[in-house]
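Report on the following structure.
The figures that follow rest on heavy atoms only: side chains count, while hydrogens, waters and symmetry mates do not. Residue numbers begin at 1 in each chain, while the letters A, B, ... track the order of the sequences. Quick caveat, the model's predicted, so the values are computed rather than measured.
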Protein chains: 2
Amino acid sequence: MAGLRERQKATRHRDILEAAGTLFRRAGYADTSIEAIAERAEVAPGTVYNYFQSKGDLLLALVALDGEEVRSIGSEMIAEPHADAFSAVQNLLESYVDHSLVHLTKELWRNAIATALTQPDSPFGLGYAALDRKLANQVGDLVACLQEQALIDREIDARVAGNVLFEICNSLFVVFVTQEAMPMEQLKRRMAEQIVLVFAGLQGKNSGSTRRK
Amino acid sequence: MAGLRERQKATRHRDILEAAGTLFRRAGYADTSIEAIAERAEVAPGTVYNYFQSKGDLLLALVALDGEEVRSIGSEMIAEPHADAFSAVQNLLESYVDHSLVHLTKELWRNAIATALTQPDSPFGLGYAALDRKLANQVGDLVACLQEQALIDREIDARVAGNVLFEICNSLFVVFVTQEAMPMEQLKRRMAEQIVLVFAGLQGKNSGSTRRK
DNA sequence: CGCGGAAAATGAATTGACTTAATTTTGTAG
DNA sequence: CTACAAAATTAAGTCAATTCATTTTCCGCG
């Protein structure tokens, strides 16, 4: 059974994460001190470190929650029937970015990506990288699925195609979060033009792949 | 004429940058303190902040030097004659990553990218973003150049294609620097397979672009 | 020469993330 | 009920980046 100890631990974990989420969103990442998070969670500053390795881990834990949400929405989208390949891919990738600002701000994304980069071997750094890979694979799964329906050339390596499509959007997303003024609309426009370009190579009009000589 | 003051200022700037570069490479970014940099440059800690806004700016200044080098090498490569489109693009993109580890380590790249992300509005943060854009445009220029030689379909938007190609490599480069163990060879292999895939859509075998319905 | 003021250098003080070692609390076995 | 091992909590540090009030240095001018 769940001992008191277990329950308290889970509660604290949640409390701290919630406090951090609220304050991060309200005051920004840099201007939120661990002390303030601890106070809001009714806990001593040091206690925060029993649950999270660092301030960055706290942020990445929030991102991870979001990531799982996006991934599960994505897997539902893959299961749905697809009219054409282009819009299937576009819809999936747009669903990722659509959800990005529901729980997080651009500033939080910037800091999350930065933390994942500077601490690549910490548990959450690894977690962030794993999430990226999962989403790229998900796009790859969609491509494979579209191949089965003959909507995309079967000669194409679905894994590579998934990576390319995901990475393009990821790069554009990074630009999006670094430019506070850039509207979501513009991000999607750029995504669309780049996906179209890649798609021109995914249709397999005749020979499809390019080999030297 | 250059007064003593001007000259001293330039000297200090160079001294500090050199000290930082040496120590960053030797001990790593995190383990190099501003105090150590100041000491090596024979300057007080506070003085460093007269020349650079932050430790991160110092790092980004080093990256910017590297970036200019890469850009000028790149522009020479574009001027050379090209046998085929694929290898021209591949060579240009490989030249970028080949030079990435000449003056900087993976750890420094991670921290540089992270700093550029977290301080996007600082002068060097803007500089980093501008550099990325310049390199992407350079790839675009190469594509345009190849179009003129009829090595790439003229229907393609060279700017978009340049972006796609550059961003793909940039994404792979980020993965490369976050994984200390990943060899350059593997980065290039991944780059090649993704460029090939995009290329399949740049050849314009017949209709080229994809329009819905 | 040397004086006034602007620009630059200084380094001690501040700040906040993170660590640690002592204290308190919990679940349990006797 | 009680004593105790394990786990959680905390308060009091450490450390390094950054700031800022003060001092020093340079330059144009009398």
Phosphate-side-chain proximity, B:Q8 and D:dC26, N/O vs OP1/OP2 below 4.0 Å
yes

Nearest-Å distance, CG (A:N111) to C1' (C:dA17)?
14 Å

Parallel, tilted or perpendicular: which one describes the rings of A:F24 and A:Y29, with boundaries at 30° and 60°?
tilted

In whole angstroms, how far is the C1' atom of D:dA17 from the CG atom of B:D57?
13 Å

Tell me the interatomic distance from A:E35, atom CD, to C:dG16, atom P, rounded to whole angstroms.
9 Å

Expressed as a whole number of angstroms, how long is the span from B:N50:CG to D:dT23:C1'?
14 Å

Mind checking if B:F52 touches a base, just sugar-phosphate, or nothing, with heavy atoms under 4.0 Å?
nothing

Answer yes when B:E167 and A:R190 have at least one side-chain N-carboxylate O distance shorter than 4.0 Å, and no when they do not.
no

Is the shortest side-chain N/O distance from A:Y49 to OP1 or OP2 of D:dT10 below 4.0 Å?
no

Whole-Å distance, B:I34 CD1 to C:dT10 P, equals 14 Å

Side chains of B:F166 and B:D132 in contact at under 4.5 Å (non-hydrogen atoms):
yes

Could you state the CD1-P distance from B:I37 to D:dA16, rounded to the nearest angstrom?
13 Å

Flag the pair A:R189 and A:E185 as a salt bridge only when some basic side-chain nitrogen lies within less than 4.0 angstrom of an acidic carboxylate oxygen.
yes

Assign A:T47 to base, sugar-phosphate, or nothing according to its heavy-atom contacts below 4.0 angstrom with the strands shown.
base

